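Just so we're clear, the structure is a prediction, and the values are computed from it rather than from any experiment.
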Amino acid sequence: MAAAPSLNLQSNLPSLKRTFSNGRLRKPRSSSSIVALHQNGSLRSHGTPGLRVAFQGSTGAYSEFAAKTACPECSTVPCRSFADAIAAVERNRADRAIVPVESTMEGTALRNYDLFLRHDLRIVQEINLFVHYCLLAMPGVSTAELRRVISHPMALAHCGRALERLGLDREAVEDTAGAVKMLLSEQMLDTAAIASPRAAAIYGLDVLAGGLQDESWNVTRFLLLSKLPEPLPPSSSGKMKTSMVVAHRGGSMTVLLKILSAFSSRDISLTKLEVNNPTMEGKGPVIILDVRSPAMLKTFPHVLYVDFEGSIEDEKVKEAIDEISSFSVFVRVLGCYGADPHVYDLY
């Protein structure tokens with residue numbers, strides 16, 4: 001997968017004045033831009049009682065916290081994998097699934113995009129969460145007694161320098177909250193877990209250290225997916241955002257320039273433009289479900305993911321999509337939803 005070159009696009013977090021640089025989001029000038037979750041109660045408009053949101057991981061996982069931040073009154077459905085979370089929506093065991101799609105430290109996690117492209121789901125909401133990693137241990141255990149640390153592979157990678165200084169052996173498990181549960185169930189007194197401060201509070205563990213991540217500014221963007229289209233909600237920023245995937249055959253650069261022209265000629269601001277070309281890494285094609293009747297899976301050597309400001313109900317957006325469809329072999333709108341520029345804090 002190759003990230004598109006820097007194109008001076010607006011970022012997914014416009015009010016924090018971030019721009020993409022080498023596929024990642026830049027840090028804002030001040031951490032005061034972060035929105036604390038408990039400043040004034042529920043900050044989200046999606047508080048429908050009885051809403052069920054599926055997430056990957058165990059209770060206390062970052063994805064669950066993102067779900068509760070996006071939909072404060074929802075009930076959460078833990079799932080072993082992202083595929084299971086999507087399946088929960090398809091089988092009516094959940095109303096939405098929440099998946100992380102990009103972060104300031106990892107760039108774009110396109111695997112989750114590729115995953116839900118194979119299903120008839122729609123993006124209905126976005127949420128940006130500040131990820132704060134803590135070193136958790138059993139009550140009474142000191143740092144000097146630790147010999148190893150367990151957590152999700154990405155959490156271990158994000159905290160590499162701190163763990164190197166601590167001299168701890170690393171062991172990967174399925175998720176951060178799952179690591180905490182393992183500590184408790186096996187009463188590990190020589191082992192720590194990397195997880196959130198919320199997980200420490202839920203499971204009654206001691207926080208030995210906070211802010212373990214190598215980069216102090218660590219934000220992950222999550223998308224909420226639904227099986228059924230929903231009425232377009234009011235946006236906290238007053239703006240709407242639309243996501244789409246464009247498939248083509250042949251040279252990527254020509255199509256890329258045509259897409260840029262289709263939006264720029266109509267004064268539509270892009271917030272994301274990502275090229276996914278798995279063939280460059282010797283991998284198979286991108287598989288996309290064509291949701292038009294009759295629904296069928298299609299394969300493409302490479303695709304482009306595009307996010308832009310505007311609603312699919314806007315005439316100029318319709319015109320841009322029609323123009324892109326005229327020179328592309330396949331276009332699918334992945335969702336239209338309220339643009340949320342805020343970053344929500346674990347505290």
Side-chain angles (χ1 to χ4, degrees), residues 3 11-13 16-37 55-58 60-69 98-112 127-137 143 146 148-180 182-183 191-203 205-222 342-347:
S11 83
N12 287 308
L13 309 173
L16 298 183
K17 295 183 173 60
R18 289 190 192 76
T19 56
F20 272 108
S21 176
N22 297 324
R24 298 189 180 182
L25 294 168
R26 292 178 184 163
K27 179 181 176 181
R29 296 177 181 176
S30 169
S31 59
S32 62
S33 299
I34 301 174
V35 177
L37 175 63
F55 70 98
Q56 185 275 327
S58 304
Y62 289 98
S63 290
E64 185 193 34
F65 189 81
K68 285 288 191 180
T69 306
I98 187 166
V99 295
V101 292
E102 59 188 294
S103 77
T104 51
M105 294 186 71
E106 292 291 329
T108 304
L110 286 174
R111 190 181 71 81
N112 285 332
I127 179 83
N128 300 289
L129 184 68
F130 181 80
V131 176
H132 183 79
Y133 288 123
C134 295
L135 188 70
L136 312 183
T143 305
L146 299 177
R148 66 170 179 160
V149 60
I150 58 176
S151 193
H152 186 277
M154 187 173 291
L156 294 173
H158 286 179
C159 304
R161 290 200 294 267
L163 297 180
E164 188 71 27
R165 289 194 298 269
L166 290 169
L168 300 177
D169 294 331
R170 307 171 202 182
E171 181 179 324
V173 296
E174 289 185 348
D175 66 277
T176 55
V180 172
M182 187 182 299
L183 280 187
T191 303
I194 296 177
S196 70
R198 180 172 180 266
I202 290 173
Y203 294 102
L205 296 184
D206 289 347
V207 178
L208 300 183
L212 289 183
Q213 59 269 20
D214 294 340
E215 301 292 336
S216 59
W217 183 250
N218 185 21
V219 177
T220 296
R221 180 182 180 226
F222 295 83
H342 301 113
V343 175
Y344 295 89
D345 194 282
L346 281 167
Y347 294 104

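Interatomic distance, CG of N128 versus CG of D345, reported as 13.0 Å (0.5 Å rounding). Considering OG1 of T191 and CE of M182, their distance stands at 9.5 Å, rounded to 0.5 Å. With values rounded to the nearest 0.5 angstrom, L136 atom CG is found 11.5 Å from Y203 atom OH. Between atom CD1 of residue I150 and atom CG of residue D169 there is a gap of 12.5 Å, rounded to the nearest 0.5 Å. Considering CG of L129 and NZ of K68, their distance stands at 14.5 Å, rounded to 0.5 Å. The CD atom of E102 sits 5.0 Å away from the CZ atom of R221 when rounded to the nearest 0.5 Å.
When the side-chain contact (heavy atoms from CB on, under 4.5 Å) test is applied to L212, the partners found at least two apart in sequence or on another chain are Y133, L135, C159, A162, I194, A209.
At distances below 3.5 Å, at least one donor-acceptor pair connects side-chain atoms of T104 with backbone N or O atoms of W217. Using modelled atom types, one side-chain atom of H152 and one backbone atom of M154 make a donor-acceptor pair closer than 3.5 Å. With hydrogens and angles disregarded, no donor-acceptor distance shorter than 3.5 Å links the side chain of D175 to the backbone of Q56. In this structure a side-chain-to-backbone donor-acceptor pair under 3.5 Å is present from E64 to G60. Side-chain atoms of Y62 come within 3.5 Å of backbone atoms of H132 as a donor-acceptor pair (strictly under, hydrogens ignored). A side-chain donor-acceptor contact under 3.5 Å links N112 to the backbone of P100. A donor-acceptor pair under 3.5 Å is absent between the side-chain atoms of S151 and the main chain of L156, judged by distance alone.
Annotation for L146 and A137: closest pair CD2-CB, 4.4 Å, computed over non-hydrogen atoms. The minimum heavy-atom distance between A61 and T176, with the atom names listed, is CA-OG1, 4.2 Å.
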